[in-house]
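Okay, so here's the structure we're looking at.
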Amino acid sequence: MYFIGLDLGTSALKLLLMDEGGRILNIVTKEYPLEFPQPGWSQQSPDDWLRAVLSGVPELLQGFDAAQVAGIAAGGQMHGLVVLDEHDKVIRPAILWNDGRTQTQVEYLNGTVGKETLSERTANIAFAGFTAPKLLWMRENEPELFARIRKIMLPKDYINYRLTGVHCTDYSDASGMLLLDVKNKRWSKEMLELCGVRQDQMPALYESWQTVGTLLPGMAAAMGLSSHVKVCAGAGDNAAAAVGCGVVGDGGCNISLGTSGTVFITSKQFRVDSQNALHSFDHADGGYHLMGCILSAAPHHPRPPGQKRCVFPSLFNGGAQPPQRPRRPGRICRPADGFHPRRHDAGGAGGRGLCHPGLCGDRPGAGDCH
């Protein structure tokens with residue numbers, strides 16, 4: 001038997017084919033575009049994700065017997081807001097995890113509603129990347145579109161819905177919405193009410209390993225698969241990566257460096273960081289985990305041929321912004337000779353800039369800022 005894994009990343013879908021012994025047989029990558037309509041905004045078309053799946057699976061299976069595929073599961077980028085209307089059509093581009101437009105909503109949630117209240121309801125506080133602030137932003141800035149919402153889901157869950165017709169999510173991914181009662185594994189009625197949405201607009205909750213359905217005949221035919229292929233709920237990217245590393249049970253830890261960077265610690269018992277500096281989420285193994293995250297860690301940005309200057313676009317698209325103050329001004333500096341990072345504040349008083357030696361050229365030069 002074969003199994004297909006889908007990793008819905010920020011810039012590309014990675015598809016993996018493996019056998020029942022865990023041996024990797026093939027890997028395919030399908031890229032898709034990102035949209036930055038305004039500074040600090042980041043969004044994507046869910047239809048691009050689906051096209052990547054429908055074109056990627058047949059390519060993945062070239063040279064293999066598609067009749068042997070028994071199951072599909074997806075993991076991927078968390079926190080993104082996908083909204084569907086009464087006809088299950090996408091209402092607007094998905095607002096992604098690294099979008100920074102929700103400063104006002106985050107300040108309202110953490111300041112007016114209060115961090116303690118949020119932590120009691122969801123085990124977490126508000127960050128710009130989370131889903132609940134995005135819903136508040138839509139309600140305040142796109143009221144006509146907000147009124148059309150019939151279903152709310154996360155990026156990888158949109159793929160599962162299109163494959164199976166089932167509106168679903170898993171506990172690990174739902175934990176990052178700021179709408180889930182993480183401890184009791186159920187939607188928080190108080191948070192749903194606060195965001196102006198109903199429980200019937202939310203997807204059904206599953207453990208990551210549970211089967212949510214089988215392939216719709218049309219989707220199966222488009223990918224050259226049987227309609228009997230099972231689709232599992234899947235997991236958020238970091239929870240899925242932890243399972244892949246064997247970080248399950250109690251007291252495990254893994255560190256992941258990609259577009260974002262995380263430190264991930266597993267626990268059989270529900271725990272909350274008293275300072276709310278760590279996310280407290282449900283894990284894909286049925287337990288819980290604590291996670292520290294930085295939104296811009298080690299993204300890959302190839303240097304164009306002949307280009308001597310390095311360009312770091314993730315520093316400008318919201319990924320490097322402080323998560324609770326996404327519009328805080330910053331500067332890119334090229335320090336003077338003799339600069340030592342332990343003796344100087346990055347970017348001036350209060351460290352409000354972002355300092356990177358050599359960022360604007362081949363080596364540190366005069367103390368000019370750009």
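What's counted below: heavy atoms across the whole structure, side chains too, no hydrogens, waters or symmetry copies. Bear in mind the structure is a predicted one, so any value in this text is a computation, not a measurement.
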Checklist entry - Does D170 pair with K156 as a salt bridge, N-O distance under 4.0 Å? => result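 A salt bridge is present here (some side-chain N lies under 4.0 Å from a carboxylate O).
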
Next on the checklist: Whether the T122 and N124 side chains hold a donor-acceptor pair (N or O, under 3.5 Å, no angle test) is what I'd like checked.
Outcome noted: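 Side chains of T122 and N124: no pair found under 3.5 Å.
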
Once rounded to the nearest 0.5 Å, what's the spacing between atom [atom1] of [X] and atom [atom2] of [Y]?
| X | Y | atom1 | atom2 | result |
| --- | --- | --- | --- | --- |
| F64 | L17 | CZ | CG | 5.5 Å |
| H167 | Y161 | NE2 | OH | 4.5 Å |
| T102 | L136 | OG1 | CG | 9.0 Å |
| K14 | L6 | NZ | CG | 12.0 Å |
| S188 | Q199 | OG | CD | 10.0 Å |
| S11 | Y32 | OG | OH | 7.0 Å |

In the structure I gave you, are the side-chain heavy atoms of [X] and [Y] within less than 4.5 Å of one another anywhere?
| X | Y | value |
| --- | --- | --- |
| L81 | D99 | no |
| Q201 | L192 | no |
| N141 | Q105 | yes |
| D47 | R162 | yes |

Just checking [X]: does its [atom1] atom have more than 12 heavy atoms from other residues, nucleotides or ligands closer to it than 6.0 angstrom?
| X | atom1 | value |
| --- | --- | --- |
| E31 | CD | no |
| E193 | CD | no |
| K185 | NZ | yes |

Checklist entry - Among all residues two or more places apart in sequence or in another chain, which pass the salt bridge (Lys or Arg N to Asp or Glu O under 4.0 Å) test with E20? => result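 Salt bridge (Lys or Arg N to Asp or Glu O under 4.0 Å) list for E20, sorted by chain: empty.
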
Item to check | For D285, all residues meeting salt bridge (Lys or Arg N to Asp or Glu O under 4.0 Å), sequence neighbours excluded | outcome: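 In terms of salt bridge (Lys or Arg N to Asp or Glu O under 4.0 Å), with neighbours along the sequence ignored, D285 is linked to no residue.
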
Which pair of heavy atoms, one from [X] and one from [Y], lies closest together, and at what distance?
| X | Y | answer |
| --- | --- | --- |
| W187 | P203 | NE1-O, 3.2 Å |
| I152 | M177 | CG2-CE, 4.0 Å |
| M191 | L178 | CE-O, 3.3 Å |
| V82 | Y158 | CG1-CD1, 4.0 Å |

Checklist entry - Per the side chain to side chain contact (heavy atoms under 4.5 Å, CB included) rule, which among L54, V53, D48 passes with R51? => result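 Only match with R51 under side chain to side chain contact (heavy atoms under 4.5 Å, CB included): D48.
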
Next on the checklist: So, applying side chain to side chain contact (heavy atoms under 4.5 Å, CB included) with N254, which one of N238, V247, V243 is it?
Outcome noted: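 Exactly one option meets the side chain to side chain contact (heavy atoms under 4.5 Å, CB included) with N254, and it is V247.
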
Item to check | Same apolar cluster (I L V M F W Y, side chains within < 4.5 Å links), V231/L16 | outcome: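 No, it is not one cluster - the side chains of V231 and L16 are not joined through contacts under 4.5 Å.
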
Item to check | Within the 6.0 Å centroid threshold, strictly below: F127 and H79 | outcome: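 Between H79 and F127, which both carry aromatic rings, the centre distance is not below 6.0 Å.
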
Checklist entry - Taking the inter-plane angle between the rings of H279 and F281 on a 0 to 90° scale, is it parallel (under 30°), tilted (30 to 60°) or perpendicular (over 60°)? => result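 The rings of H279 and F281 lie parallel, inter-plane angle below 30°.
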
Checklist entry - In this structure, which one of R148, K151, R150 forms a salt bridge (Lys or Arg N to Asp or Glu O under 4.0 Å) with D85? => result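 Result for salt bridge (Lys or Arg N to Asp or Glu O under 4.0 Å) with D85: R148.
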
